[in-house]
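First up is the structure itself, then whatever we jot down about it.
It should be emphasised that the depicted structure is a prediction, and the values quoted were computed from it without experimental measurement. One-based numbering along the sequence shown.
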Amino acid sequence: MANVVLISASPAEPSKTEALLEFVALRLNQHGHRTEFLKLRHLPAGPLLAGDANADLIASARATVTDADAVVVGSPVFKATYTGLLKVFIDLLPMDALRGKPVLPLLTGGSAAHILALDFGLKPLLATLGASSIGRGRFVNSNAILPATESTRPRIDETVELDVVDAIDRFDSELSIRSRLCSHAEAGDPASVLSTPTTTDRNPS
């Protein structure tokens, strides 16, 4: 199955955004995918802000993204858009870093007034990196995210849980389709369409 990197663009710890990503990871694990977290706040601020792509930890983070089969990007909404932390990291990635990779965008925030930041902010940013398909994604109100405790896993309030699970399962379907196409391509199937960029479910959440 796929190797999926989950990028957290939250500068805070604990983080509702990361709790959402942990929920996503658990669901993807249930579908048989491998997941890995990349928490941007753990990258060294000096090289990150200076644009030093060759610094050891920055180079490692870049390789983590470019080597992944698929990417989930999660960010809280600050000042009506994704975090500056995400932007400075994206600026250090190659222009084709997401080419050939399905991407699931997720935003969190305290008000539904920020919902348009998904379609008019985060998705266009990801498109600049050549994402082969960008899922519909979701904006999830922070109040609906229930972080893990010592005895419970992260959860989503039942009022929005089905919608979030639907987004994850659609993403899994995309990964499964691409896995089959990869198998055909490796067998020399000329019908493979892996190189054809597409965008899926771009209607507002």
Atom [atom1] of [X] and atom [atom2] of [Y]: how far apart are they, to the nearest 0.5 Å?
| X | Y | atom1 | atom2 | result |
| --- | --- | --- | --- | --- |
| R138 | L20 | CZ | CG | 11.0 Å |
| T17 | L106 | OG1 | CG | 9.0 Å |
| L107 | L118 | CG | CG | 5.0 Å |
| L104 | I168 | CG | CD1 | 7.5 Å |
| L146 | F23 | CG | CZ | 10.0 Å |
| R155 | T149 | CZ | OG1 | 7.5 Å |

Under a 4.5 Å side-chain heavy-atom rule over Ile, Leu, Val, Met, Phe, Trp and Tyr, are [X] and [Y] clustered together?
| X | Y | value |
| --- | --- | --- |
| V140 | L162 | no |
| V73 | L26 | no |
| L21 | F78 | no |
| I134 | V164 | no |
| L28 | M1 | no |

Give me the atom names and distance for the closest heavy-atom approach of [X] to [Y].
| X | Y | value |
| --- | --- | --- |
| G121 | P124 | O-CD, 3.4 Å |
| S142 | K16 | O-NZ, 2.9 Å |
| P154 | A19 | CB-O, 3.5 Å |
| L43 | L57 | CD2-O, 3.8 Å |
| V77 | A117 | CG2-CB, 4.4 Å |

**OP:** Inspect the contact between D172 and R27 and indicate whether a charged nitrogen and a carboxylate oxygen are less than 4.0 angstrom apart.
**Re:**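 The answer is no: the pair does not qualify as a salt bridge.
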**OP:** Determine, for K101 against D69, whether the closest basic-nitrogen to carboxylate-oxygen distance falls under 4.0 angstrom.
**Re:**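 Salt bridge: no.
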**OP:** Test side chain to side chain contact (heavy atoms under 4.5 Å, CB included) on I145 and I156 and set out the steps.
**Re:** CA-CA 5 Å; I145 302 170; I156 307 298; 4.3 Å; yes
Original post:
Is it true that the side chains of T108 and N141 contain a donor and an acceptor less than 3.5 Å apart?
Top reply: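 Looking only at side-chain atoms, N141 and T108 do not form any donor-acceptor pair under 3.5 Å.
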Original post:
Hey, are S173 and S176 close enough side-chain-wise for a donor-acceptor pair under 3.5 Å?
Top reply: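 Checked: S176/S173 side chains show no N/O donor-acceptor pair below 3.5 Å.
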**OP:** Carefully, step by step, assess V5 and F37 under the rule side chain to side chain contact (heavy atoms under 4.5 Å, CB included).
**Re:** CA-CA 6 Å; V5 171; F37 274 84; over 6 Å; no
Is the backbone of [Y] close enough, under 3.5 Å, to the side chain of [X] for a donor and an acceptor to pair up by distance?
| X | Y | result |
| --- | --- | --- |
| R34 | V4 | no |
| T83 | A9 | yes |
| R153 | E22 | no |

**OP:** Answer yes or no: does atom CG of D56 have more than 12 heavy-atom neighbours from other residues, nucleotides or ligands under 6.0 Å?
**Re:**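 For D56, atom CG is not crowded (no more than 12 foreign heavy atoms under 6.0 Å).
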Subject >> Crowding at CD, Q30 (>12 non-hydrogen neighbours, <6.0 Å) >> reply: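 Above 12, so yes.
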Subject >> Note, H114 side chain near T81 side chain (heavy atom, < 4.5 Å) >> reply: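 No. Closest side-chain heavy atoms not under 4.5 Å.
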Original post:
Hey, does V103 have a side-chain heavy atom less than 4.5 Å from the side chain of S133?
Top reply: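 The answer is no, as the side chains (C-beta and beyond) never meet within the 4.5 Å cut-off.
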Original post:
Step by step, would you call H33 with L175 a side chain to side chain contact (heavy atoms under 4.5 Å, CB included)?
Top reply: CA-CA 9 Å; H33 302 293; L175 297 179; 3.8 Å; yes
Subject >> Passing candidate, side chain to side chain contact (heavy atoms under 4.5 Å, CB included) with F171, options V72, V24, D166 >> reply: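 The single option meeting the side chain to side chain contact (heavy atoms under 4.5 Å, CB included) with F171 is V72.
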**OP:** Would you mind telling me which of T66, L98, L6 makes a side chain to side chain contact (heavy atoms under 4.5 Å, CB included) with V71?
**Re:**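 Between V71 and the candidates, side chain to side chain contact (heavy atoms under 4.5 Å, CB included) is satisfied uniquely by L98.
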Original post:
Under the salt bridge (Lys or Arg N to Asp or Glu O under 4.0 Å) test, which residues partner R62, sequence neighbours left out?
Top reply: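 With neighbours one apart ignored, the set is empty.
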Sequence neighbours left out, cut at 3.5 Å: what donor-acceptor pairs do the side chains of residues 84-92 make with other protein atoms?
{"unit_1": "K87", "atom_1": "NZ", "unit_2": "D91", "atom_2": "OD1", "d": "2.8"}
{"unit_1": "K87", "atom_1": "NZ", "unit_2": "D91", "atom_2": "OD2", "d": "3.1"}

Original post:
How would you list all residue pairs meeting side chain to side chain donor-acceptor pair (under 3.5 Å) that involve residues 1-14, not counting sequence neighbours?
Top reply: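 Counting only pairs at least two positions apart or across chains, the side chain to side chain donor-acceptor pair (under 3.5 Å) contacts touching residues 1-14 are S8-E18, S10-S15, E13-R41.
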Subject >> Verdict with reasoning, L93 to L129, per side chain to side chain contact (heavy atoms under 4.5 Å, CB included) >> reply: CA-CA 8 Å; L93 292 176; L129 297 180; 3.8 Å; yes
